[in-house]
Structure formats: structure tokens, C-alpha cells
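The structure presented is a predicted model; accordingly, all values stated were derived computationally and were not measured. Labels below follow one simple rule: chain letters A, B, ... track the order of the sequence lines, proteins then strands, and each chain is numbered from 1.
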There are 2 protein chains.
Amino acid sequence: MRLTSFTDFGLRMLMRMAGAPERVFSTAELATEFGLPRNHLAKIIQRLAHAGIVETRRGGGGGAQLARPPQAITLGEIVRQLEVGHPIVECFAEMPGLCSLDGKCRLKFRLRAAELAFLAELDRHVLADIALENVPTGGPPLPQQTTATPRSDQA
Amino acid sequence: MRLTSFTDFGLRMLMRMAGAPERVFSTAELATEFGLPRNHLAKIIQRLAHAGIVETRRGGGGGAQLARPPQAITLGEIVRQLEVGHPIVECFAEMPGLCSLDGKCRLKFRLRAAELAFLAELDRHVLADIALENVPTGGPPLPQQTTATPRSDQA
DNA sequence: GTGAATTGGTATTTACAATGCGTATTATCA
DNA sequence: TGATAATACGCATTGTAAATACCAATTCAC
């Protein structure tokens, strides 16, 4: 039972963005803060944008920000969107008739119920509950105080 | 959110074994029935044996059978044993201090709660609930490397 | 209008799980 | 006791998904 790195990293970025919902975060900035590859994070932001969780804007000064207040985004919604295409078991893929136990399998229903229980527990919390204001201070010490200057161009 | 093939195939084999708790099933027989690689199934049986869910017996006429009645084995126990070593997210691996958000991360606790909800839902059912008596009646032609020796059906 | 910054999309490389295969060990039957 | 059948274990191979790199499209600043 494993979540993909998409979901893992996506949650971390959203936690950070929820800490400053008004700001615009570039993928380069998030990549520096978390010490993760920029291109990989950009892909996840794309997915989140398609799902309507964040809004992106190209060009200078662009980046991503939450499309809704963090109180209106449940953790379940995030995981659901980020885990698209990764069914619990192979049987759940959209391939009818592939499973040889198709009609007689009484397990499928139970697995689905367990998955719903997992997501329901996640839906009991919203993004605001796990927001973090502090920079994780991954590797090099970033003495970046809250100078309210969204200048962050370096690479 | 995905279970490994270990868990997927393990559950199928246990479903079959629960349909005839008194019988002994060889891995070759199960592999033929399900059209799955024999060696892979043997490894899963090993894991299940170590977990105390099945008991194996070597030698002629040997094989595996449930160590307890199928009413006494919950689905949660099976999944828990089969998913060992596959944490939900990387942070959950046994590597303290690796996650840069160690102290401040309020997500970890929620993910754990969701995982427990998933397993709790599974614990509401036992293996007997999903037993299947019928053989899946070999669907696709399988390129089995077994030497096509018709097994003498043991009593 | 020009240039720089930033996302969007596609292709390639890499890592890990899944699979296949061979060998050793052990128990049962003749 | 010997032959056979099955598990147990390790390693090589394969396949799929993640991770990375690169190029195109777009927007703001000047």
C-alpha cells in the first residue's frame, strides 16, 4: 500500500502554499526549498492545475497558487486527483473481463470499501489543517526572513 | 495508492484455499488455475507461511493449507503481512531524520490515521467471507513452463 | 518591441519491482 | 534406503513507472 511520489511531493508543495495562500510560488522556488528536482515538481503542479486545485500563470513573476482557500480543499480530494491511474489492484483498471474471477470475486467490493474508508478519513481534514509557514530548511541555511518581497529569482 | 502484486495474488490464492480448507494446495496447482507464474506464487506462500497464515509441507503430496479456519483470518491481517516493507510514503520508512519536515509535519499523523481506517475496514471481514469454491476455469491460454505432467490428484 | 522569466509538453534515462530460472534442501512414498 | 516431489532460496533478466532533461509556448518587465 503505497502512494506515488506524485502524491507525496504534491502534498508537501500544497502544505507550503497553504501557509501563504496569497503568494505565487514558482516551481524553482519550491524545488529549492524542498531540495527536489524542479522539472518533477512542475509536472505535479500541472496535474494539480488540471484538477482545479491550483492556478498557474506563465511569464515573468508567474507561478502557481491555490485556486481556493485552503479551508475548502480536503486532503481526500488532493489524494484522489493525484492518484488517478493507480488503482489499488490490477483488477480495478478499466479492462473488463480481464480478471478471471470477474463475477464471483467477492473481494473487489471489500477492497473498494476499504479505499473509500481511507479517503473518507482524509476528507475529515482540509489543507489548512496541515499548512506550514516555515521553510523546511532542507540543506543550505536560507536566512530568508519574511521581508514580504516575493523576489526569488535564482537557480 | 496501490497494493503490490504480492498482496493481489496472495489474496487470490487464499480465497481459493478458503474454499477447501481441508485440502492441500501445491503452488503448481494454484499457478495453473490462476494462470500466474509458479515461482512468484511460491514466494508469496513462503511469506504467508512465515506470517503464520498458512502451513506448508514438503515432499510428495505436500503443499500449503490454511493454518487456521478461514473464519479466524481477517482480510486486514493478510494485507498487513503482505504489505510489509511498502510504507504509504517514503517518510514512513525506518529512517529517522530523513524527512526535512520531521517535527513540523502535521500530515504524517493524518496519513497514518487513514491507513488505519483502511485496514480497519478490511478487518471487518474474514477470509471465509470471500472464499470461492469454483475453479476460475482457465481463461487465457497460459505459456506455462511446467512439463505438462498430469498431476495425480491426491485424496 | 525586445528580452527574460516561467509554465507546458515531450522524449530520454534511470531505478525498482516483477518475473523467470536454476539449485539446494527436505519430506514422502516405494 | 533410494527415488521422487515439493518447498526454499538466490540470482539474472525483463518490464514498467518514476525521475530527469530538453525544447516549445506564453507572459510580464523594461
All salt bridge (charged side-chain N to carboxylate O under 4.0 Å, His left out) counterparts of B:Arg57, not counting sequence neighbours: none
Value in whole Å for how far the P atom of C:dG22 lies from NE2 of B:His40: 18 Å
Residue closer to the 5' end of DNA chain D, A:Gly61 versus B:Thr27 (nearest nucleotide): B:Thr27
Cluster check B:Val126, B:Val79: I/L/V/M/F/W/Y, side chain < 4.5 angstrom: no
ILVMFWY network linking B:Leu122 to A:Leu116, side-chain heavy atoms under 4.5 angstrom: no
Between P of D:dT7 and CE of B:Met13, the distance in whole Å: 11 Å
Sugar-phosphate only, base, or nothing, as touched by A:Arg38 at under 4.0 Å among non-hydrogen atoms: base
Angle of first-five versus last-five pair axes in the helix from C:dG1-D:dC30 to C:dA30-D:dT1, to 10 degrees: 10°
Short N-O contact, B:Arg68 and B:Glu77, less than 4.0 angstrom: yes
Residues B:Arg124, B:Asp129: salt bridge by 4.0 Å N-O rule: no
Distance, rounded to the nearest Å, where A:Leu3 contributes CG and D:dA17 contributes C1': 15 Å
From D:dA18, C:dG9, D:dC9, nucleotide with atom closest to A:Ser5 side chain: D:dA18
Separation of atom CG in A:Leu36 from atom C1' in D:dA19, rounded to whole Å: 11 Å
Lys/Arg N to Asp/Glu carboxylate O, A:Asp8 vs A:Arg2, below 4.0 Å: no
Gap between atoms CG and P, on A:Leu41 and C:dT6 respectively (whole Å): 15 Å
A:Asn39 CG - D:dA18 C1' separation (whole Å): 13 Å
Residue closer to the 5' end of DNA chain D, A:Gly59 versus B:Ala42 (nearest nucleotide): B:Ala42
Which residue lies more 5' along DNA chain C, comparing A:Gly62 with A:Lys43 via nearest heavy atoms: A:Gly62
Salt-bridge contact A:Arg23-A:Glu29 (side-chain N to carboxylate O under 4.0 Å): yes
Which nucleotide in D:dT27, C:dT26, C:dT19 has an atom nearest any side-chain atom of B:Pro37: C:dT19
Proximity to the side chain of A:Ser26 - top-ranked nucleotide from D:dA8, C:dA18, C:dT7: C:dT7
Between C:dA27 (P) and B:Arg57 (CZ): distance, integer Å: 11 Å
Along DNA chain C (nearest heavy atom to each residue), the more 5'-positioned of A:Ala49 and B:Phe9: A:Ala49
Atom-pair distance (CD1 on A:Ile44; C1' on D:dA19), nearest Å: 10 Å
Distance test, side-chain N/O of A:Gln46 to OP1/OP2 of C:dT7, below 4.0 Å: no
